[in-house]
Visitor: 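Questions regarding the structure given below will be posed in turn.
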Amino acid sequence: MAQFGADDLRPDQLAALHRRITGWFAETARDLPWRERHCSPWGVLVSEIMLQQTPVVRVLPVWREWLERWPTPAALAGEPAGEAVRSWGRLGYPRRALRLHSAAAAIVRDHGGSVPGNYTELLALPGVGSYTAAAVAAFAFGRRETVVDTNIRRVHARLVSGVALPSPSLNAAEMRLAAELLPDDVGTSVHWNAAVMELGALVCTARAPKCADCPVRDSCAWLAAGEPPPSYVPKGQAWHGTDRQVRGAVMAVLRLADAPVPAEMFQREPADLGFAADGIGVPLSALHRLNSAPEQLERAMAGLLGDGLAELHQGGYRLPA
DNA sequence: GAACCGTGGGG
DNA sequence: TCCCCAAGGTT
């Protein structure tokens, strides 16, 4: 389909976008701990992993606990993976905790305990994909990188391409556009990446964008086009009755337990659970959420074991030691 | 490329 | 209440 690209912007127009959006950022950016000067690259890396698909407000308290407890990659790598999973709390997608633990070990093993500063080495770390590698290189090391996340994609889609939403999945055209929009100056490029991301998070939001507060509303191709609706309907993820729901309930129990949870406890009828909740530190309310078809529970447990999120020990399930 | 992987707050 | 979706990555 024919969309506008950076080719339609004159150099002076592009410079004006850079100036307005970074200026807006300088005035209104949130004070986030991983943005502070003294924050270590490790702190930035931890924040980026936690922020994958998880809102800032929920990440903040967990990030603080993590950095206090594990101020360096070596500190985390020196503890069992299960401790990372447990302290992940309810951030969701607990495989991220596992991968972050593996990444810490790789940093100790391959990089002398210091987070690497270039894109390629970052990309090789477990749980670090193209977005996170670029973000850490830019925000922790001041590199000029083409950072593309869901916020940046949405801002580009509206501001430049004139459509309500970016394509369902990141494509080469979007990467090219982002690269063309990136300021040449290294320092400015870092601010630009952070600023566009912040604009997407606070103003150019997915639902009900606050266009009245937008510093570049008079340059927005989507507004100029009369706010055309999305050309497709994003399909949501199923939840009720899925394996993921069961996995989540199981993990909630394992995080709370201070001893291996007997396998039979996952198979009892809810009314029948009182027998063994004592001694493992798990409230009945958590166990009641496990009420699901035996076949599905078995599938979920097998998945968790296969992912390394749980292990069998003395006839019970526990977080990995 | 599509499917899968958690969680909870806001509209 | 229900649905959307949030600084993605891996298979």
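Quick note: numbers below take in every heavy atom, side chains included, and nothing from hydrogens, waters or symmetry partners. The sequence lines fix the lettering, A, B, ..., with proteins before strands; numbering per chain opens at 1.
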Visitor: Have a look at Gly129(A) and say if it touches a base, only the backbone sugar-phosphate, or nothing, with a 4.0 Å heavy-atom cut-off.
Guide: sugar-phosphate
Visitor: Between Asn171(A) and Arg58(A), which is nearer to the 5' end of DNA chain B once each is assigned its nearest nucleotide?
Guide: Asn171(A)
Visitor: Checking contacts here: which listed nucleotide (dG8(C), dT10(C), dG6(B)) is nearest the side-chain heavy atoms of Arg99(A)?
Guide: dT10(C)
Visitor: Taking any heavy-atom pair under 4.0 Å as a contact, classify Ala208(A): base, sugar-phosphate, or nothing.
Guide: nothing
Visitor: Base, sugar-phosphate, or nothing for Thr132(A), non-hydrogen atoms under 4.0 angstrom?
Guide: sugar-phosphate
Visitor: Go nucleotide by nucleotide along DNA chain C from the 5' end; which of Leu51(A) and Pro126(A) gets its closest nucleotide reached first?
Guide: Leu51(A)
Visitor: Within this structure, what is the CD-to-P distance between Gln245(A) and dG8(B), rounded to whole angstrom?
Guide: 12 Å
Visitor: Name the nucleic acid region contacted by Leu91(A), choosing base, sugar-phosphate or nothing; use a 4.0 angstrom heavy-atom cut-off, strictly under.
Guide: base
Visitor: For the pair Glu121(A) (side chain) and Asn118(A) (backbone), establish whether a donor and an acceptor sit closer than 3.5 Å, ignoring hydrogens and angles.
Guide: no
Visitor: Describe the nucleic acid contact of Trp34(A) in one word from base, sugar-phosphate, nothing, applying a heavy-atom distance below 4.0 Å.
Guide: base
Visitor: Send over the distance from Glu145(A) CD to dA7(C) C1', rounded to a whole Å.
Guide: 16 Å
Visitor: Please classify the nucleic acid contact of Leu32(A) as base, sugar-phosphate, or nothing, using heavy-atom distances under 4.0 Å.
Guide: base
Visitor: Which whole number of Å gives the distance between the C1' atom of dC5(C) and that of dC5(B)?
Guide: 15 Å
Visitor: From the set dC5(B), dC5(C), dT7(B), return the single nucleotide nearest to any side-chain atom of Ala206(A).
Guide: dC5(C)
Visitor: Hey, does the side chain of Arg90(A) come within less than 4.0 Å of dG9(B)'s phosphate (OP1/OP2), counting only N and O?
Guide: no
Visitor: Strictly distance-based, threshold 3.5 Å: is any side-chain N or O of Arg154(A) a donor or acceptor partner for the main-chain N or O of Gly200(A)?
Guide: yes
Visitor: What does Arg299(A) touch in the nucleic acid at a heavy-atom separation under 4.0 angstrom: a base, only the sugar-phosphate, or nothing?
Guide: nothing
Visitor: Quick check against the 3.5 Å criterion: does Arg96(A) have a side-chain atom that pairs as donor or acceptor with the backbone of Met50(A)?
Guide: yes
Visitor: Have a look at Arg153(A) and say if it touches a base, only the backbone sugar-phosphate, or nothing, with a 4.0 Å heavy-atom cut-off.
Guide: nothing
Visitor: Write down the distance between CZ (Arg95(A)) and P (dT11(C)), rounded to a whole number of angstrom.
Guide: 8 Å
Visitor: Do the charged groups of Glu79(A) and Arg86(A) touch, with an N to O distance under 4.0 Å?
Guide: no
Visitor: Please determine, for the side chain of Gln237(A), which listed nucleotide (dC5(B), dA7(C), dG8(C)) has the closest atom?
Guide: dC5(B)
Visitor: Measure CG/Leu60(A) against P/dA6(C) and give the value in whole Å, please.
Guide: 18 Å
Visitor: Could you state the CG-P distance from Asp307(A) to dG9(C), rounded to the nearest angstrom?
Guide: 18 Å
Visitor: So what does Gly236(A) touch, heavy atoms closer than 4.0 Å: a base, only the sugar-phosphate, or nothing?
Guide: nothing
Visitor: Of all the choices, dT7(B), dG1(B), dA7(C), which nucleotide is nearest to the side chain of Ser169(A) once you look at every atom?
Guide: dG1(B)
Visitor: Spell out, as yes or no, whether a donor-acceptor pair under 3.5 Å connects the side chain of Ser87(A) to the backbone of Ala84(A).
Guide: yes
Visitor: If we ignore hydrogens and angles and just use 3.5 Å, is the side chain of Glu174(A) paired with the main-chain N or O of Arg153(A) as donor and acceptor?
Guide: no
Visitor: Gln53(A) or Lys235(A): which one's nearest nucleotide on DNA chain B is closer to the 5' end?
Guide: Lys235(A)
Visitor: Rounded to whole angstrom units, what separation is found between the NE2 atom of His240(A) and the C1' atom of dT1(C)?
Guide: 10 Å
Visitor: Just by distance, no angles: are the side chains of Gln237(A) and Arg244(A) close enough, under 3.5 Å, to form a donor-acceptor pair?
Guide: yes
Visitor: When the distance from CZ of Arg96(A) to P of dG9(C) is rounded to whole Å, what number comes out?
Guide: 11 Å
Visitor: Looking at dA7(C), I'd like to know if its phosphate oxygens (OP1 or OP2) sit under 4.0 Å from a side-chain N or O belonging to Thr54(A).
Guide: no
Visitor: Between atom CD in Gln52(A) and atom C1' in dG8(C), what is the gap in whole Å?
Guide: 5 Å
Visitor: Determine the Euclidean distance between corresponding P atoms of dC4(B) and dA7(C); express it in Å to zero decimal places.
Guide: 24 Å
Visitor: Could you work out which one of dA7(C), dC5(C), dA6(C) sits closest to the side chain of Arg207(A)?
Guide: dC5(C)
